[in-house]
*Asks:* 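Just dropping this structure here.
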Number of protein chains: 2
Amino acid sequence: MLAVERKNLILERLQEQKRVVVSELSELFDVSEETIRRDLDKLEKEGFASKTYGGAVLVENNNTDMPFSVRQKRNIQGKKIIADIIEELIQDGDHIVVDPSTTAVFIVNALKNKKDLTVVTNSIEVLVELSDVSGWDVISTGGTLKENYLALVGPKALEGIHSFNSDKVILSCKGIDMGKGITDANEMFSQVKKAMLSSAKQKILAVDSTKFEQVAFSKICDVTDLDMVVTDKKPADAWLEYFKDKGIACLYGE
Amino acid sequence: MLAVERKNLILERLQEQKRVVVSELSELFDVSEETIRRDLDKLEKEGFASKTYGGAVLVENNNTDMPFSVRQKRNIQGKKIIADIIEELIQDGDHIVVDPSTTAVFIVNALKNKKDLTVVTNSIEVLVELSDVSGWDVISTGGTLKENYLALVGPKALEGIHSFNSDKVILSCKGIDMGKGITDANEMFSQVKKAMLSSAKQKILAVDSTKFEQVAFSKICDVTDLDMVVTDKKPADAWLEYFKDKGIACLYGE
DNA sequence: GATTTTTTCTTTCAACTGCTAACATACCCC
DNA sequence: GGGGTATGTTAGCAGTTGAAAGAAAAAATC
């Protein structure tokens, strides 16, 4: 086994389990503990790990303003559950709008067995994901590339969104809160998402359970502006009552 | 066995197994380890491998199975030479237009040390490549995703291109021929490229040497519509004379 | 709370393996 | 034959590893 391979495997394990133990790794890879420590040193220098007595813990990249590729691995299971629920909501021939988020990538992937969809998006990743489907109409809004994201923003993007009227918009966000509404990391994004909301009839929010009670910087809309909320786990009873009260459908996994 | 054959076999093995070991390859092909190392050097220069102590690991292309990943291997050396020449033509602060091509990806990569560029493109790959630069204005034209390509086409794309006026356009094509002019594979692409040509002052064609005397389906423009041709190898004397005669600058490698 | 014991960490060293660079040789194509 | 490329050889250098010893941290004991 090459040294780099071992280091990468340790990193993978670290990302899955959030922590690693020197003695375990030493046994697992059949190398001395010193070698493992040296690997952890490197991972620490690279910013992935933080060494502790007996092992190391994962450095959680606060997802506020991180490049896209780094954020990808969080709560994959949840995003898959959400994607499967959304898949049942979409019919052949639908016109949908999707925003830039990891969840959105999972969703369009789950939709690939549909026919004749029209997808409007400002997400580069969604375009890449859909570059191999046939018979669909995949439309990019255009716009300015937001630094360190794979998303298009700005006036051109808004203009692009406004020139289409769709059946459904599938939105993501950084936070959902009864008082503060639906919020996102920065104004560029919330602007685009606002425009998307106004360009489609049915407004669906797709968020994993960790986003509840979170509040981020820039407001997109009120919770009551939504028609439906899709999430991976059953929300708290207070939320379910709130949704029922306001006439918002709520679907969740399990 | 020819050297190239061996190199390609190593690349295949690398893509299958994600890693290769110098000692194994040396035994497998019955050549010295130094020869293997030299092969790995080349693969590293071409961007496929990353050498490590004892072997090399595969450089994972950000977007693993792009439909056109096959095209990428062709004449990488030539594209790099072209990119280096173009790099010297572009100044800080320039507004440029680039089309979707592998060459374009190399070019924008070579430009990353420039400051304050504005790039207009309908290539998804160029956007991905530029997602990590800071201080630039990277603008996507928007448009419809062309099936099995990572390129935006159609009326929306044309509209997007027409709304900007740039200093330089860097164009690629499938064929360049004195009689038939500059041609490309399909009408969608040639439409977009026509629009790009009309949106910039200086019109630069970046083509590797294999495209000379080739004719493809859809005409973009006449050779005389260009201001400059950049290629990797010195073109035939007939071409050099033709360029001189028509007042078209021609730059080439070596 | 202080002392002892245990565990883990850091540093240093030596052995080993693999790497780089320079040169020599063989081969091919013109 | 001669220039260029591909390959092999060599020697000195660099990276990787494990062992050992002392330092530091945590746990156990009094």
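Here the structure is a predicted model, which means the values were calculated and not measured. First the proteins, then the strands, lettered A, B, ... as listed; each starts at 1.
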*Asks:* In chain order, what residues pass the side chain to side chain contact (heavy atoms under 4.5 Å, CB included) check against Ser172(B), with sequence neighbours excluded?
*Replies:*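 Scan of Ser172(B) (side chain to side chain contact (heavy atoms under 4.5 Å, CB included), adjacent residues dropped) gives Asp99(B), Ser101(B), Lys193(B).
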*Asks:* With nearest nucleotides of DNA chain D determined for Ser32(A) and Tyr53(A) from heavy-atom distances, which residue corresponds to the more 5′ nucleotide?
*Replies:*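 Residue closer to the 5' terminus by nearest nucleotide: Ser32(A).
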*Asks:* Looking for any heavy atom pair under 4.0 Å, which part of the strands does Thr52(B) touch: base, sugar-phosphate only, or nothing?
*Replies:* sugar-phosphate
*Asks:* Just by protein heavy atoms under 4.0 Å, how would nucleotides 21-30 of chain C read 5' to 3' in B, S and -?
*Replies:* ----------
*Asks:* If only side-chain N and O atoms count, and only distance matters, is there a donor-acceptor pair under 3.5 Å linking Asp222(B) with Thr224(B)?
*Replies:* no
*Asks:* Might you work through the salt bridge (Lys or Arg N to Asp or Glu O under 4.0 Å) test for Glu33(A) and Arg37(A), ending with a clear yes or no?
*Replies:* CA-CA 6 Å; Glu33(A) 302 201 341; Arg37(A) 289 201 185 89; 3.3 Å; yes
*Asks:* Just checking, any donor-acceptor pair under 3.5 angstrom between side chains of Asp227(B) and Gln202(B)?
*Replies:* no
*Asks:* Without decimals, in angstroms, what is the distance between Ile36(A) CD1 and dC9(C) P?
*Replies:* 11 Å
*Asks:* Walk me through whether Phe243(B) and Val223(B) qualify under side chain to side chain contact (heavy atoms under 4.5 Å, CB included).
*Replies:* CA-CA 9 Å; Phe243(B) 289 141; Val223(B) 180; 4.0 Å; yes
*Asks:* Would you say Phe29(B) and Glu5(B) make side-chain contact, with heavy atoms under 4.5 Å?
*Replies:* no
*Asks:* Checking Asp232(A) against Ser209(A): is there a side-chain donor and acceptor pair closer than 3.5 Å?
*Replies:* yes
*Asks:* Which comes earlier along DNA chain D counting from the 5' end, the contact point of Val4(B) or that of Met1(A), where each point is its nearest nucleotide?
*Replies:*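 Between the two, 5'-proximity favours Val4(B).
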*Asks:* Distance under 4.0 Å to a non-hydrogen atom of chain B counts as contact; along DNA chain D, which nucleotides mark the start and end?
*Replies:* dA6(D) to dT16(D)
*Asks:* Report yes if a side-chain nitrogen or oxygen of Lys51(B) is closer than 4.0 Å to either non-bridging phosphate oxygen (OP1 or OP2) of dG18(C); otherwise report no.
*Replies:* no
*Asks:* Drop me the distance from Phe189(B)'s CZ to Asn122(B)'s CG, to the nearest 0.5 angstrom.
*Replies:*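 Interatomic distance, Phe189(B) CZ to Asn122(B) CG, rounded to 0.5 Å: 8.0 Å.
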*Asks:* Is there a side-chain contact between Met228(B) and Leu89(B), using heavy atoms and a 4.5 Å cut-off?
*Replies:* yes
*Asks:* Using atom CD of Glu33(B) as one end and atom P of dC16(C) as the other, report the distance to the nearest whole Å.
*Replies:* 17 Å
*Asks:* To the nearest Å, give me how far apart CD (Glu44(A)) and P (dT10(C)) are.
*Replies:* 9 Å
*Asks:* Let me know the distance between CG of Asp39(B) and P of dT20(C), rounded to the nearest Å.
*Replies:*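 Taking CG of Asp39(B) and P of dT20(C), I get 14 Å after rounding.
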